[in-house]
Amino acid sequence: MDRLVHVVLISFKPETPEETKQWIYQKYQTLEQDCGSKDAGILYWRVQENLDLRKGVHLVEVAVYTDNDALQAFRNHPKHKEITDVLRDVADWQVGDITCPFPL
């Protein structure tokens, strides 16, 4: 069964206050649970500060969903929208989604 792997690379704008960065990081730490965890099709969740800052990426999100429907439900969840509403003003990000043809 294919799973959907979702990767987000977040780069904070230089003028972003440290308190805002920390708020976003802390919200990400509970976002999986806030959005339903495995019951909502989130099979794996990790958001961590990037270990390699050479390209200006500050946070890396790696998530695995049961399928695209689970990812779309996550994107539409109010807790996810709360974070993206703040991110929109203080960061840029890139998203990559791929399927993996094996169970995770």
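Keep in mind it's a predicted model, so treat the numbers as computed, not measured. Heads up: numbering here begins at 1 and tracks the sequence.
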Exercise. For Asp85, enumerate each residue passing the salt bridge (Lys or Arg N to Asp or Glu O under 4.0 Å) test, keeping only those at least two apart in sequence or located in another chain.
Key: Arg88

Quiz item: For Ser37, which residues count as a side-chain hydrogen bond (donor to acceptor under 3.5 Å, both in side chains) partner, sequence neighbours excluded?
Solution: none

Exercise. May I have the step-by-step check of side-chain contact (heavy atoms from CB on, under 4.5 Å) for Leu31 and Phe74, ending in yes or no?
Key: CA-CA 10 Å; Leu31 192 58; Phe74 170 79; 3.6 Å; yes

Quiz item: Among all residues two or more places apart in sequence or in another chain, which pass the salt bridge (Lys or Arg N to Asp or Glu O under 4.0 Å) test with Asp67?
Solution: none

Quiz item: When rounded to the nearest 0.5 angstrom, what distance separates CZ in Arg3 from CG in Asn68?
Solution: 14.0 Å

Quiz item: Does any pair with a residue in residues 7-30 pass ring-ring contact (aromatic ring centres under 6.0 Å, His included), and if so which ones, sequence neighbours excluded?
Solution: Phe12-His58

Quiz item: Do you know the tightest heavy-atom contact between Cys35 and His80?
Solution: SG-N, 4.2 Å

Exercise. Mind checking side-chain hydrogen bond (donor to acceptor under 3.5 Å, both in side chains) for Gln94 and listing every partner two or more places apart, or none if nothing turns up?
Key: none

Exercise. Can you see which heavy atom on Ser11 is nearest to which on Gly56, and at what distance?
Key: OG-O, 2.8 Å

Quiz prompt | For Thr99, side-chain contact (heavy atoms from CB on, under 4.5 Å) partners two or more places apart | solution = Asp2

Quiz item: How about Lys79: does its NZ atom have over 12 heavy atoms from other parts shown lying under 6.0 Å from it?
Solution: no

Quiz prompt | Closest non-hydrogen atom pair between Gln33 and Gln29, with its separation | solution = OE1-O, 3.7 Å

Quiz item: With a 4.5 Å limit on heavy-atom distance, are the side chains of Glu19 and Gln22 in contact?
Solution: no

Practice problem: Please list, chain by chain and in numerical order, all residues satisfying side-chain contact (heavy atoms from CB on, under 4.5 Å) with Ile98, sequence neighbours excluded. | Solution: Val5

Exercise. Determine whether Val60 and Leu43 fall in the same hydrophobic cluster, where Ile, Leu, Val, Met, Phe, Trp and Tyr are linked whenever their side-chain heavy atoms lie under 4.5 Å apart.
Key: yes

Quiz item: For Asn76 and Gln72, does a side-chain donor sit closer than 3.5 Å to a side-chain acceptor?
Solution: no

Quiz item: Mind checking what makes salt bridge (Lys or Arg N to Asp or Glu O under 4.0 Å) contact with Arg46, not counting sequence neighbours?
Solution: none

Quiz item: Heavy atoms, side chains only, cut-off 4.5 Å: are Ile10 and Leu87 in contact?
Solution: yes

Self-check item: Shared hydrophobic cluster for Val57 and Val62 (ILVMFWY, side-chain gaps under 4.5 Å)
Solution: yes

Quiz item: Quick one: do Ile83 and Ile42 end up in the same hydrophobic cluster if we chain Ile, Leu, Val, Met, Phe, Trp and Tyr together by side-chain heavy atoms under 4.5 Å apart?
Solution: yes

Exercise. Using side-chain contact (heavy atoms from CB on, under 4.5 Å) as the criterion, list what pairs up with Asp97, not counting sequence neighbours.
Key: Leu4, His6, Leu71, Arg75, Val95

Practice problem: Could I get the full list of side-chain contact (heavy atoms from CB on, under 4.5 Å) partners for Thr20, not counting sequence neighbours? | Solution: Thr16, Pro17, Ile24, Val86, Val90

Quiz prompt | Heavy atoms from other residues, nucleotides or ligands near NZ of Lys55 exceed 12 (cutoff 6.0 Å) | solution = no

Exercise. Dump the intermediate steps for side-chain contact (heavy atoms from CB on, under 4.5 Å) on Trp45 and Glu61, then the final yes or no.
Key: CA-CA 8 Å; Trp45 178 262; Glu61 171 192 330; 3.4 Å; yes

Self-check item: Residues that Asp52 engages under salt bridge (Lys or Arg N to Asp or Glu O under 4.0 Å), provided they are two or more places apart
Solution: Arg54

Exercise. With sequence neighbours left out, write down each residue that passes side-chain hydrogen bond (donor to acceptor under 3.5 Å, both in side chains) with Glu15, or none if nothing qualifies.
Key: none

